[in-house]
Amino acid sequence: MNKIYPSAAEALKGLVANDQLLAVGGFGLCGIPEALIDALRDSGVKNLTVISNNAGVDGFGLGKLLETRQISKMISSYVGENKEFERQYLAGELQLEFTPQGTLAEKLRAGGAGIPAFFTKTGVGTLVAEGKELREFDGETYVMERSLVPEVSLVKAFRADKAGNLQFRLTARNFNPAVAVAGKICVVEVEEIVETGAMHPDEIHLPGIYVHRIVHNPNPEKRIEKRTITDKAGA
């Protein structure tokens, strides 16, 4: 089965549609599927609910989809770097489901594992728990969280072989594996593609059984979210 597609647009063809629940990997601007996000924007689909740890920045990453108003709801844990996100939310133009970061990661992991819900102490006694089932275990109160199973997951990996086995680099490994396993369909953008068997088994972070389509993007922009300069003279 050939999983490699000639472009990001072709990789999304026939998969994305209006009103979908999608998950997008990345942590800040690290490990975001830049080409797939651009192709999703260019597809013109709208009224999307997007699961992502964050919403990119103004003019880059998911920020591009906010500018075109293709996202109607975000399920996120951090959105502080995007002024357009803030503006739309405060103006009532965008729905937001704030989710604690660890809970968000577990909701994706559980979705991929076939676990429909789980209980956690995180958020008990706060707005996060409003309207949700509470239950006591060993004298402690827990809130029930439903898992997340997006229709399509968009993922960024460093390397893939032709069977779809993936290797991630550093911070890009935070959310991308969980996003990949949660989706009913997983599309992956990679910087390198090698022959099946070229990667040592210990280098494989996610088996190809979870991967449906691959697109090669050898030269991603990899923009820096916040550039910090150290004054060596004053150090």
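We use all heavy atoms of the structure for the numbers below, so side chains are in, but hydrogens, waters and symmetry mates are not.
At least one side-chain heavy atom of Phe168 sits under 4.5 Å from a side-chain heavy atom of Val155. No side-chain heavy atom of Thr122 sits less than 4.5 Å from a side-chain heavy atom of Val128. Using a 4.5 Å heavy-atom cutoff, the side chains of Leu15 and Arg213 are in contact. In this structure the side chain of Ile32 never reaches within 4.5 angstrom of the side chain of Val24, judged on heavy atoms. Between Ile51 and Leu104, the closest side-chain pair of non-hydrogen atoms falls below 4.5 Å. At a threshold of 4.5 Å between non-hydrogen side-chain atoms, the residues Asp38 and Lys64 count as touching. Between Leu62 and Met74, the closest side-chain pair of non-hydrogen atoms falls below 4.5 Å.
In this structure, the side chain of Ser147 engages the main chain of Ile115 through a donor-acceptor pair within 3.5 Å. Formation of a donor-acceptor pair under 3.5 Å by the Thr99 side chain with backbone atoms of Ser77 is not found in this model. No donor-acceptor pair under 3.5 Å is formed between the side chain of His205 and the backbone N or O of Leu166. Side-chain N or O atoms of Asn174 include none that pairs as donor or acceptor with a backbone N or O of Phe27 at under 3.5 Å. Between the side chain of Glu189 and the main chain of Ala35, a donor-acceptor pair closer than 3.5 Å is present. Checking side-chain atoms of Glu10 against main-chain N and O of Ser7 turns up no donor-acceptor pair under 3.5 Å. Of the possible polar contacts, one joining the Lys3 side chain to the Gly208 backbone as a donor-acceptor pair under 3.5 Å is found. Although no hydrogens or angles enter the test, the distance criterion places no donor-acceptor pair under 3.5 Å between the side chain of Gln70 and the main chain of Leu48. Remark: the backbone N or O of Asn2 is not paired with any side-chain donor or acceptor of Lys162 at under 3.5 angstrom. Listed for the Asp58 side chain is a donor-acceptor partner under 3.5 Å among the backbone atoms of Lys83.
Across Asn54 and Gly26, no two heavy atoms sit closer than the pair OD1-O, 4.0 Å. Pairing each heavy atom of Val124 with each of Ala129, the nearest pair is CA-CB, 4.2 Å. Contact detail for Tyr210 and Leu206: the closest heavy-atom pair is CD1-CD1, 3.8 Å. Among all heavy-atom pairs drawn from Ala9 and Ala39, the shortest one is N-CB, 3.8 Å. Residue Gln167 comes nearest to Ala157 through the heavy atom pair O-CB, 3.7 Å, listed as atom of the first residue, atom of the second, then distance. Heavy atoms only, all atoms of each residue included: Ile37 and Leu65 are closest at O-CD2, 4.2 Å.
Applying the side chain to side chain donor-acceptor pair (under 3.5 Å) test between Ser72 and each of Asn47, Thr49, Asn18, Asp19 identifies Asn47 as the sole match.
Glu84 has a carboxylate O that lies under 4.0 Å from a charged side-chain N of Arg87, or vice versa, which qualifies the two as a salt bridge. Salt-bridge check for Glu34 with Lys156: failed, with every basic side-chain N at 4.0 Å or more from each acidic carboxylate O. Taking 4.0 Å as the cut-off between side-chain N and carboxylate O, Arg109 and Glu106 count as a salt-bridged pair. A salt bridge links Glu93 with Arg69: the closest approach of a Lys/Arg side-chain nitrogen to an acidic carboxylate oxygen falls below 4.0 angstrom.
With a 6.0 Å radius and a threshold of 12 heavy atoms from other residues, nucleotides or ligands, Phe118 has its CZ atom above the threshold. Annotation: Lys13, atom NZ; neighbour count of heavy atoms from other residues, nucleotides and ligands within 6.0 Å does not exceed 12. Taking a 6.0 Å sphere around CD1 of Ile209, one finds it holds 12 or fewer heavy atoms contributed by other residues, nucleotides or ligands.
Atom CG of Asn165 and atom CD1 of Ile214 lie 8.5 Å apart (nearest 0.5 Å). Summarising the geometry, atom NZ belonging to Lys73 is positioned 9.0 Å from atom CG belonging to Leu21; distances are rounded to the nearest 0.5 Å. From Cys186, atom SG reaches atom CG of Asn176 across 9.0 Å, with rounding to the nearest 0.5 Å. Interatomic distance, CZ of Arg159 versus CD of Glu192, reported as 4.5 Å (0.5 Å rounding). Arg169 CZ to Arg173 CZ: the interatomic distance, rounded to the nearest 0.5 Å, is 12.5 Å. Taken to the nearest 0.5 Å, the CD1 atom of Ile75 stands 9.5 Å off from the CD atom of Gln95.
Scanning for ring-ring contact (aromatic ring centres under 6.0 Å, His included) contacts around Tyr142 gives Phe137, with sequence neighbours left out.
Following chains of ILVMFWY side-chain contacts shorter than 4.5 Å, one cannot reach Tyr5 starting from Leu154, and the two form parts of different hydrophobic clusters. In the hydrophobic cluster analysis, where Ile, Leu, Val, Met, Phe, Trp and Tyr join through side-chain heavy atoms closer than 4.5 angstrom, Phe158 is grouped apart from Val179. Taken together through direct or relayed side-chain contacts under 4.5 Å among Ile, Leu, Val, Met, Phe, Trp and Tyr, Met144 and Leu134 form parts of separate hydrophobic clusters. Cluster annotation: Val215 and Val194 are assigned to distinct hydrophobic clusters (Ile/Leu/Val/Met/Phe/Trp/Tyr, side-chain heavy-atom contacts under 4.5 Å, transitive). Linking Ile, Leu, Val, Met, Phe, Trp and Tyr whenever their side-chain heavy atoms come within less than 4.5 Å puts Leu94 and Leu22 in one cluster.
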Candidate pair Val45 and Gln20, rule side-chain contact (heavy atoms from CB on, under 4.5 Å), full reasoning: CA-CA 9 Å; Val45 296; Gln20 277 185 325; 6.0 Å; no
message: Before you tell me yes or no, could you show the steps for Phe119 and Glu133 under side-chain contact (heavy atoms from CB on, under 4.5 Å), namely the whole-Å CA-CA distance, both residues' side-chain angles and the distance that decides it to 0.1 Å?
response: CA-CA 9 Å; Phe119 285 92; Glu133 179 182 343; 4.0 Å; yes
